[in-house]
**Q** 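If you scroll down you'll find the structure; I have some questions about it.
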Amino acid sequence: MTDLADRQKLSYIAAQAADARLNVELETEGMTLNIGPQHPATHGTLRIIVRLDGEQVVWAEPSAGYMHRGYEKLTEVRTFPQVTALVNRIDWLGSFANEVPFILAAEKLMEIEAPPRAQWIRTILFELSRIANVGLFLGDLGVQLGAVTPVFMAFRDREHVLNLIEGATGGRFHPNFDRIGGLKDDLPAGWIAETKQVMKKLRNFCTEMEDLLFGNEIFQSRLRGIGVIPAEVAKQYGLSGANLRASGVDWDLRRDQSLPLAYDKVDWKVWTHPDGDSFARCWIRLQETRESTLIVDQLLDTMPSGPIMAKVPRIIKVPEGEAWVSTENPLGEMGYYVVSKGDLGPFRVKIRSASFNNISIVPWVLRGVYVPDVISILASLYFILGDIDR
Amino acid sequence: MLAVDLPYWAQSLLRVLGGTVAVLLPAGTIVYLFLFKMMSFMQSRLGPMEAGPYGSMQLFAEVGKWLQKEDLAPDGADKRIYRMAPLVVLVSTFLLVAVVPFGPDAYFTNFDAGVFYMLAVSSISTLGILMAGWSSANKYSLLGGLRAAGQLIAYELPMVLAVLGVVIQAGTMNLQQIVVKQNSDSIFGWDGLGNPYILTQFIGFAIFMIAVQAELTQTPFDMPIAESELVSGYMTEYSGFRFLIFFIAEFATAGVFSLIASVLFLGGWGVPFSWFGWDAATGSVDNWMNVAGPIIMITKMMVLSGIIMWVRFSYPRFREDQLQRFAWKVLIPVSLLNIMLTAILKVAF
Amino acid sequence: MSDDAATQELAALPGDALREGVVQALRDALGDALLDSLIKPNDDVWVRVRTDAWVQAGHVLRDTVGCDYFCFLSGIDWMPSPFGRGEDDPTAPAPERDSTIKQGYAGGDTRMQVFARVTNLSKHFGVTIKADVADDAPAIDSWIPVYAGANWHERECHEMFGIGFNGHPDLRNMYLPTDFEGHPLRKDFPLLARLVKPWPGIVDVEPLPGDDAEEGEAS
Amino acid sequence: MAAPKKPQVPGLLKGLGVTLNTMAQTLKPRKLGGGSATVQYPHEKETPPLRARGVIALREDNCTSCMLCARSCPDWCIYIEGHKELAPPRRAGGAPRKVNKLDRFDIDYALCMYCGICVEVCPFDALFWSPEYEYSEPKIADLLHDKTKLGEWMETVPEAPALEAGAEKKKGK
C-alpha cells in the first residue's frame, strides 16, 4: 500500500514541478479565487482565498468568522445549566459530545462524580453522536469528490442514530441531556434493544461505504498522497482526532486520560495510519465509526443499574477554581477551560474546539495543490463551521 | 421506397418534427427515468411524487419554472457570446441526431460519410461550452470552460479511434450500411444473431462508452461542472431558459450518443435479417421495420444511457490531470492497438 | 499492511511526580522568571512565567519537557464584569458589584493574562502556562516560532482582548469586521443583547388592590 | 476489517453493486422489508418519540406565575404577567387563599432554543413537552404564542415513557 501511495505521490510532485517550471517560463499571470463564503465545499460559511497559477494553488488563506456567535462571551452571562444548552450548538452534528467535557469540568470543580450508570449512558450517547457526526462525514466526503449517492446513504443511516438520540434525550440535534452530577433522565424502555439493531445497520453502512467509496479506484487515486501532513507539523498546529492519528500519532483522549467515562471498561482499539494523507484521514474515520458501534454494543451489554444522578444542590454554584477537561470528540480534541468564581455562572470559559486548530493548518497544507485537491483536502480535514467560529 | 410519396415540404416538416422529437423525447425520458427515479431509488428515496402519477409530470413543472425565471447575464459578461453559447451546444445535438438511422427508411439523412460527420459535429458542443465559460466573466466558469475544452478534445481522440475499428470491420462509413452489415453478417458462419460489433469490437465499445461518458461530462469525468468545486463550472451564471437549454442539451446528447453507440455496436434498429429472410444486398426489409426500428432503437438507447447514468450516480470524479493522463496514456494506446488488431484480423479473414 | 497498526498497551496515566518534574525543568531553565506554580494532585499543573520569558518558556516546554503538542492559547480578563448577567431591574437602583481583581491559579499581578496549554503526547500530561500582560499596553511575544499553530489563536486573542503579540506576522481580525471597535471578551465590553432588553424574569405580578405590601413569589 | 490491498472484485464494480442493491431494496415492497427510507411528508407522517421536544405546552391552572421558568430561560423568551386573586378556600370554613392568576404567558418560539430548562425547573408541573411539531408560521413575529395556544397543546402531551431495565425508580414527572 505504501509503495503505491509513494509512487502516486512522486508522480504528483513531478507533475506539479513540471507545471511550475512551465509557468515560470511562460510568465503566466495568477488569479485570485474566492472559495466561499457560500460554496458547496465549505458546508457552512468558510471562505478560502486562494491564489491560483493555472489550477495550482500558490497561496491559500482561510477566512473564518462568518458564523462567529461569541459563545465565550455568552457563557459569561449564563448559569451553568444554561451553558450546557448553549455549548451543544458548537459542533452541531455531534452535539451531545460537546456537553460532556463542559459538564465534566464543572463536576471536577465541584468535586462530584456521576454514578456509574450515568457514566455508561454518557459514554454511549457520546459514541452515538460520534457515529452520527462521522457517518455524515463519510457521505459528505463523497459529495465533495463528486459522488452523489453516499451522502444519501449517510443521511439514511444517520437518521436511525438521531432517532435513538431523540428517543433518549428528546432532542435530535441538541440533546441538552447532560447535567452536572449525572443525566436528566434514564433511558426509555426498549432503547437498548433498538440501539443494538441500529448498530448492526451502521456496521452494514460502513461496509457499504467501503465498497462504494473506499474501495473505488478513482476515490483512492483522488486521495492517496494528497495533503500529506507529517506528525511533527500536525502536533505543532495542534491537529487532533482522526487528523492526528492519520499522521501516525497514537493519541486518543478516550484512552489516554482518566475521565469518569466508561471507556476503560470496554475492549476497543485506537486506529492509526502512517501515511498522513487525505486517504488516511478518511480511512481512520471509517474505522472509528465501526469501532464506535462495537464500543456501544459492549457498553449496552455491561450497563450497570442504579441511579443516574449524584447528589447535587438544587441551585448549582460551582466553587472557585479553574479546570481543564477535554475529550475526544468526533472532530478531535474538544476542551473547556472553565474559570469559576463561586458564582451561579462561569467567570470565563475558553472553548478549545477541534476544527479551529484543524483548519489553521490549511495555509500550510494547501500550498502547491490543484483546485480539486483543495476540496478533497478540506473535506478530509473535516471541519464544522460552528466548531471553527464558535 | 416509402409507402406513400410525400411532397418535399411535407418531408421537410416531418424531418424537423421527427428531429425535435428524437432529441427531446429521449432527453425527457432519461431525465425522468434515470435522473429523477433511478437516482432516487439508488439513494433510498422515491424522488418526485407529487406532479402527476409518480411524479411523471415533474419535468413539465421544472420546465415551467425555468421558463418563468429571469434571463440574467452578469455585468461583465460578453453578452452576445454569453447568450449564444447554450444554443451552440444544443445545435450540436440536433446536428448529431440527423445522421442516426431509425429504420430502413426512417432516417433524416443518409450519406456515406456519416461516421465522419457525426464525429465532427459532436465537437461543436465543445465550442459552445468554451464560449459559455469564457464569456460568463466568472472565474469558476472560466476554470470550468477550460477544463471542458481540454477534456472534450482529449476524449474526442479515443472516440474517433474506437469508431475506426467499427469502420474497418464494416468497410463503410455510412451508418445505415453499418447497421445493415451488423444484422446481415454472421459469426463464423452462424447468423442467428447477425454480428453486432459489441462482440467483435468489445474493446472499442468500452472505449467508446468511456469517451462518451467524458464527452457528456458525466461523473466520473464531470470536472467541467464539478458542483462541489466549481459550482457547476461553465453553467454557473446561467439561469432561466438558457440553463434549461444546457440541461436539455446535456441529456439529449446523452440520448443521441447512446443512439449512436447502439447503431455502431448493438446493431441499431435492425433485427438479425436471417430471422425474416431479408436480403441485405437488395434491401428487401419489410416496411413495418420503419415503425419497429425506432422502438428497438429507443430500447437500446435506454439501456445504454441507463448504464451511463448508473455510473454517474455511483462514482466520484477524477482530477483533471488524472483524466488527461487516463485519456492519453491508457485509452489512446489501447484504441490504437484495437485498430491494429482489427485491421490484421480483417485482412486475415 | 501498516493500515491497522495495533494499539499498544494502555500507557500509564500521569502521576504528580511527572508534574513536579515539569515545574522543576522550568525552574532550572528560567530561574526566577518562573513566578509561580500550582500542582493540583491527580489533576493538572499550572505555571506562571514572566512576560519576557514567555517564548523561552515555550521552548523549554517543547524541547525539554516534551510538550510538543500545541493545544490552545488564549487570554483572560480578571476584572469582574461591571454589568453582571444583565438581570437587573431597571427601576431599582443599580446593585453594588465587587470590582476587585483577583487572579486565579498561579497568581498574577495584572488585569489581563495570556494562558496557553501544551500537551506531552507520549507521557500523557498537559501544562497550563500563564503570563501577565501589562495593563497599559498589553503585549507579549508571539509563540509562532515555537508552535506554528499559535498563529490563529494569537489572532483571536488579539481581537478579543486587545493583547498585542510582538513578532506575529499577520495580526488581522479573525472573526470581527476589520473596523470593529473594542475587544469583545474584555469584561468591560457590554453584551448588548443583555442590555437592550429588560429581563423577563423581573416579577410582574400585580398585587391585590389594597394589598401593596405583598411581594411576588420570587424566591 | 482492513481494506484489502488487492480487492477480488474491482472497487469500481463493487460500487455499482452497492447502488444496484440499494435500488432493489427501495423497489422492494414495504411488506417485504424494503421501501424507501423517506416518507412522503404531508401524506404520511413519522411519529416522533415520546420524549421529543417539539413544543412546550402549558397547563394554566397549575401555573402560579412564580417566574422561575422566565428566570432560568437562557434566551429570555418567556414573558409572564399575573395578578393576585382571592380563591375559595381549600377546606370548608378556611380563609380565602391568595393565588397568583396568570394574565399573560407568552413563549417566543423564534427565540426559544428548545433546551427544556423551563420545563425542568417548573415546581408546579405547569409546563410539559409535547412532540407536536407542525406549528410553523410564515412570519417570524407569529411565533410568539400565548397561553391559550400553549394550553391547546396540552392535549398532545404524551405519558412519560417507561424506563429501561436497571433504572432507578423515580418520582415526579
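Keep in mind the model is a prediction, meaning the values are calculated, not measured. Labels below follow one simple rule: chain letters A, B, ... track the order of the sequence lines, proteins then strands, and each chain is numbered from 1.
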**Q** Classify the ring geometry of C/H153 against A/F356: parallel below 30°, tilted from 30° to 60°, perpendicular beyond 60°.
**A** perpendicular
**Q** Mind ranking A/K341, A/E232, A/Q236 by heavy-atom pairs under 4.5 Å with chain C and telling me who comes out on top?
**A** A/Q236
**Q** Report which part of C/W78 has an atom under 4.5 Å of a heavy atom belonging to chain A: side chain, backbone, both, or neither.
**A**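 Contact with chain A is through both the backbone and side chain of C/W78.
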**Q** Does any heavy atom of chain C fall under 4.5 Å from the side chain of A/E333, the backbone, both, or neither of them?
**A** side chain
**Q** Under a 4.5 Å cutoff for heavy-atom pairs, which residue among A/A234, A/G345, A/P62 has the most contacts with chain C?
**A**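 So the answer, after comparing A/A234, A/G345, A/P62, is A/P62.
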**Q** Quick check on the interface: out of C/Y105, C/F70, C/F189, who has the most heavy-atom pairs with chain A under 4.5 Å?
**A**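 Answer, by heavy-atom pair count under 4.5 Å with chain A: C/Y105.
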**Q** Please name the pair of heavy atoms, one in C/Y69 and one in A/G238, separated by the smallest distance, quoted to 0.1 Å.
**A** OH-O, 3.2 Å
**Q** Report the distance from atom OG1 of C/T119 to atom CG of A/D256, rounding to the nearest 0.5 Å.
**A** 11.0 Å
**Q** What are the two closest non-hydrogen atoms of C/S74 and A/R348, and how far apart are they?
**A** OG-NH2, 2.7 Å
**Q** Between C/R186 and chain A, which part of the residue has a heavy atom less than 4.5 Å away: side chain, backbone, both or neither?
**A**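 Only the backbone of C/R186 comes within 4.5 Å of chain A.
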**Q** Between CG of C/N151 and CD1 of A/I361, what distance do you get to the nearest 0.5 Å?
**A** 12.0 Å
**Q** Would you call A/W251 and C/H124 a side-chain contact if the rule is heavy atoms closer than 4.5 Å?
**A**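 Side chain of A/W251 against side chain of C/H124, heavy atoms only: contact under 4.5 Å found.
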**Q** Are there residues of residues 239-248 of chain A whose heavy atoms fall under 4.5 Å of chain C's heavy atoms? If so, which?
**A** A/L239, A/S240, A/L244
**Q** For residues A/F347 and C/M79, report the shortest heavy-atom separation together with the two atoms involved.
**A** CZ-O, 3.8 Å
**Q** If I measure from the heavy atoms of chain C, does A/V325 come under 4.5 Å with its side chain, its backbone, both, or neither?
**A**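 Contact with chain C is absent: no heavy atom of A/V325 under 4.5 Å.
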**Q** Check each atom of A/K73 against the heavy atoms of chain C and say whether the ones under 4.5 Å are side chain, backbone, both or neither.
**A**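 Interface part for A/K73: both.
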**Q** With only heavy atoms counted, which part of C/D77 is less than 4.5 Å from chain A, the side chain, the backbone, both or neither?
**A** backbone
**Q** Roughly how far apart are C/Y147 OH and A/K235 NZ, rounded to 0.5 Å?
**A**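 Answer rounded to 0.5 Å: 11.0 Å.
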**Q** What part of C/V146 is in contact with chain A, defined as an atom under 4.5 angstrom from a non-hydrogen atom: side chain, backbone, both or neither?
**A** backbone
**Q** Measure C/L38 against the heavy atoms of chain A and call it side chain, backbone, both or neither at under 4.5 Å.
**A** neither
**Q** Can you sort out the partners of C/F115 under ring-ring contact (aromatic ring centres under 6.0 Å, His included), two or more places apart, ordered by chain and number?
**A**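 For C/F115 the ring-ring contact (aromatic ring centres under 6.0 Å, His included) partners, ignoring immediate neighbours, are A/Y337, C/F72.
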**Q** Which residue out of A/R78, A/K350, A/E320 racks up the most heavy-atom pairs below 4.5 Å with chain C?
**A** A/K350
**Q** Could you check which of A/E322, A/E72, A/R352, A/K108 has the highest count of heavy-atom pairs closer than 4.5 Å to chain C?
**A**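 Counting heavy-atom pairs under 4.5 Å, the top option is A/E322.
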**Q** Going by atom types alone, do C/R117 and A/S326 pair a side-chain donor with an acceptor below 3.5 Å?
**A**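 No, A/S326 and C/R117 have no side-chain donor paired with an acceptor closer than 3.5 Å.
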**Q** Keeping A/D389 on the side-chain end and C/Y175 on the backbone end, is there a donor-acceptor pair under 3.5 Å?
**A**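 No, because the side chain of A/D389 does not come within donor-acceptor range (under 3.5 Å) of the backbone of C/Y175.
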**Q** Select one option (side chain, backbone, both, neither) describing which atoms of C/K40 are under 4.5 Å from chain A's heavy atoms.
**A** side chain
**Q** Pick one of side chain, backbone, both or neither for C/D68, based on which atoms fall under 4.5 Å of a heavy atom in chain A.
**A** both
**Q** At a 4.5 Å cut-off on heavy atoms, which part of A/E61 comes close to chain C: side chain, backbone, both, or neither?
**A**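 For A/E61, side-chain heavy atoms alone lie under 4.5 Å from chain C.
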**Q** Could you walk me through whether C/M174 and A/H68 satisfy the side chain to side chain contact (heavy atoms under 4.5 Å, CB included) test, starting with their C-alpha distance in whole Å, then the side-chain angles of each, then the deciding distance to 0.1 Å, before giving a yes or no?
**A** CA-CA 10 Å; C/M174 176 118 229; A/H68 186 53; over 6 Å; no
**Q** Roughly how far, to the nearest 0.5 Å, is OG of A/S360 from CZ of C/R155?
**A** 10.5 Å
**Q** Would you say the side chain of C/L185 lies within less than 4.5 Å of the side chain of A/E76, judging by non-hydrogen atoms?
**A** yes
